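Everything on this sheet refers to the single structure shown next.
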Amino acid sequence: MTYRTEHCGDFNEGQIGTDAIASGWTARRRDHGGLVFIDLRDRSGMVQLVIDPEHAPAALEVAQAIRVESVIRATGKVVARAPETVNANLSTGAIEILVDTLEELAPSDPLPFQLDDEGVDEALRIRHRALDLRRDVMRETQYVRTMTTRLIRRYLEDRGFWELETPILTKSTPEGARDFVVPARLEPGSVYALPQSPQLFKQLFMMGGYERYYQIARCFRDEAQRADRQLEFTQLDLEMSFVTRDEILELTEGLYCALWQEILGVELPRPFPRITHAEAMLRFGSDKPDLRYGLEIADVSALVANSGFSVFKGAVEKGGAVRALSCPGAAALSRRELDELAEFAKEWGGQGLAYLLLDPSGEIRSPIAKFLSEDELAGIVAATGAQPGDAVFLAADSPAVVVRVLGALRPHLAARYELADPKAWAMLFVVDFPLFGYDENEGRWVAEHHMFTAPRAEDEDRIESDPGSVLSEAYDFVVNGSEIASGSLRINRPELQERVFRTVGFSDEEAEDRFGFLLRALRFGAPPHGGIAPGIDRTVMLLVGTESIRDVIAFPKIAGGFDPLTDAPSPATPEQWRDLGLVVPPPKKQDA
RNA sequence: GGGGACGUAGUUCAGUUGGUUAGAACGCCGGCCUGUCACGCCGGAGGCCGCGGGUUCAAGUCCCGUCGUUCCCGCCA
């Protein structure tokens, strides 16, 4: 007995006249009373079975009783289709299998949803994920995923990287995301944490002298989920010793060119642009700008510093900024739409949004035009590159608020006017991030990237005196406005690491308690090293063109971290609570 | 934690200014059908309109609450 002489999608004209055995799922059945057609599907594709009552009466009875998605096995012969019955939409459409025997290996119940239905409730799809995974789009996505990791491994192995493992049960660390915590049975009251990333372990590999490490690593962060964020996700984590920033960026660039070339057949132009964080914030209002469209922000503060419009003049006098961007075609916006944009600006912390509408004739319509001189108007138009038919939007406030408002407005307008070419790829590296940011809530400095990121050598002496001015060796890889990877050169001297710990408010005791294992290792000679960690899920999202991370994860969680497939998380038993030395908390809420 | 949208048959949806017995398509069940490929034709079953409360002579429809899903803000070194 054998289940198949060929996979469904691999039957071909060269096999006409040969015996065939095929197994798979009943994708569709077309019953003509006498004659029955079955589309038989497996991972490779589909082939049509024909059950002819005169040829195989027993098989006909089986065929007529089979429900869709049942698993069956057919024996027969590969035969050519009559020319008028060839199906050009099917790779196997020139042939079919004339069935001798048909056997139902495992029947299917009626389905909870149809596999070809669009927009089926996601919780239902995930609850029946084994069914959902049979859909072509899901299978293709998971195949892109396997191609991605396969190519990553080949690319990095070819360049001397070792694939090394790091612990899943590890130490809870301060800063960063909320840890997932695992109670330690053998040490009641103590916990392990699941890694937010293998960051420190990969650094220890470098200190161990292993030069080049990578891992397709699962990472865990107990934070709110988003369309592109999942409680557990997968990173390509890599680290290199005796390496410069540009060598890491070039490696990343080469990897993504190889991925796009091999999976999409797209040749990405090299090198990928590199802009500084400061420039990105100024020109695009974002540290992950989408460069598929313009809408570039222009600073017109100097132009309007003495204007008759008090809002502009006042903002500049108070040390603020007036910045503007022009949007193609937006001069036709209605009053209501303009009001909505002003409302949008307020939601992002602005006072409102000033605008100039450039009529097709070139004439400027604007409530604030009467406060501005001809020169000022012309200067704004020139600075933003606005053309007749465009609208110029202006925000005046503190620089931080202006960046925030226009940074939000830019993608908002791009979406509204469909300015991003859906087939375009805009890769870039953002470099020179600040080392520290000031946390207003906590009233202290915090690491912008993480605490192990090296400051630029030329800024090192200002760590204590002016932390906000210190730039770091951190960088991001951004594609189409989405942060795909983040990395940095790391600190490799213990005294520098201690200075950074102190700056973010750690006493020496706390630092030793939390990161003693790192400091201990640093004291025995750490090589200069650095790395980067591209998100595998987000990379696959780009490759298959989806907006939802749940589409690229085989078994994802939905809102609230709930898994409709397994119903996890589920209550622990009293025995489990007792073993862990924990008190049973009251239930959070009753079911509706 | 906050805001927006959504919740009607197994699935995807419609349901008028509140007004007879809540509809369609697909699926399911039964029947017919020998060249279909989203096969076709005939018939049938299937509804706590998410849940609770309120307004009203009358609620799928209006109001409040709640639960769930989703997108966003906060958060995500």
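The structure displayed is predicted, hence computed values, not measured ones. Residue numbering restarts at 1 for every chain, and letters A, B, ... go by the order of the sequence lines.
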Charged N to carboxylate O below 4.0 Å: is that the case for [X] and [Y]?
X        : Y        : result
A:Asp116 : A:Arg28  : yes
A:Arg499 : A:Glu464 : yes
A:Lys557 : A:Glu122 : no
A:Lys77  : A:Asp100 : no
A:Arg125 : A:Asp117 : no
A:Glu239 : A:Arg490 : yes

| message | Pick the closest RNA chain B nucleotide for A:Ser197 and for A:Val86 by heavy atoms, then say which residue is nearer the 5' end. | response | A:Val86

| query | Closest nucleotide of RNA chain B for A:Asn87 versus for A:Arg67: which of these residues is on the 5' side? | reply | A:Arg67

Tell me the interatomic distance from [X], atom [atom1], to [N], atom [atom2], rounded to whole angstroms.
X        : N     : atom1 : atom2 : result
A:Gln196 : B:C75 : CD    : C1'   : 12 Å
A:Arg550 : B:U69 : CZ    : C1'   : 9 Å
A:Glu118 : B:U11 : CD    : P     : 17 Å
A:Asn441 : B:G74 : CG    : P     : 12 Å
A:Phe344 : B:C72 : CZ    : P     : 13 Å
A:Glu440 : B:C75 : CD    : P     : 12 Å
A:Asp116 : B:G10 : CG    : P     : 19 Å
A:Asp117 : B:G27 : CG    : P     : 10 Å

Watson-Crick or G-U wobble partner of [N], both distances under 3.5 Å:
N     : value
B:G18 : none
B:A9  : none
B:C41 : B:G31
B:G65 : B:C51

Can you see if the side chain of [X] gets near the phosphate of [N] - specifically, an N or O under 4.0 Å from OP1 or OP2?
X        : N     : value
A:Arg404 : B:G74 : yes
A:Arg226 : B:U70 : no
A:Arg30  : B:U36 : no

Integer angstrom distance from the [atom1] of [N] to that of [M]:
N     : M     : atom1 : result
B:G54 : B:U11 : C1'   : 33 Å
B:C57 : B:A24 : C1'   : 32 Å
B:G46 : B:G30 : P     : 16 Å
B:G4  : B:G23 : C1'   : 30 Å
B:G50 : B:A45 : P     : 24 Å
B:U17 : B:U61 : P     : 15 Å
B:G44 : B:G3  : C1'   : 47 Å
B:A22 : B:U34 : C1'   : 42 Å

Nearest to the [X] side chain among [options], which nucleotide is it?
X        : options             : result
A:Thr85  : B:U36, B:U70, B:C76 : B:U36
A:Trp348 : B:U69, B:C73, B:U34 : B:C73
A:Gln114 : B:G10, B:C37, B:C76 : B:G10
A:Arg221 : B:C76, B:U70, B:C28 : B:C76

Pick base, sugar-phosphate or nothing for [X], based on heavy-atom distances below 4.0 Å to the nucleic acid.
X        : value
A:Asp121 : sugar-phosphate
A:Arg125 : nothing
A:Pro174 : nothing
A:Ala224 : base
A:Glu96  : base
A:Glu54  : base
A:Leu90  : nothing

Spell out yes or no: do the side chain of [X] and the base of [N] have one donor N/O and one acceptor N/O closer than 3.5 Å?
X        : N     : value
A:Arg229 : B:C75 : yes
A:Glu122 : B:U70 : no
A:Arg81  : B:U36 : yes
A:Glu347 : B:G3  : no

| said: So that I know where these two stand, are A:Phe452 and A:Phe515 an aromatic pair - ring centroids less than 6.0 Å apart? | reply: yes

| request: Assert yes or no for the condition that the ring centre distance of A:Tyr475 to A:Phe429 is strictly below 6.0 Å. | output: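 Not under 6.0 Å, so no.
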
| request: Evaluate the ring planes of A:Phe37 and A:His32, with Trp represented by its six-membered ring, and classify them as parallel (under 30°), tilted (30 to 60°) or perpendicular (over 60°). | output: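 Plane angle over 60°, so perpendicular.
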
| Is_stacked (A:Phe113, B:U11) at 5.5 Å, 30 deg |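 A:Phe113 ring does not meet the centre or angle cut-off for B:U11; no stack.
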
| field | Per-pair stack call A:His32 and B:C39, 5.5 Å, 30° | value | yes

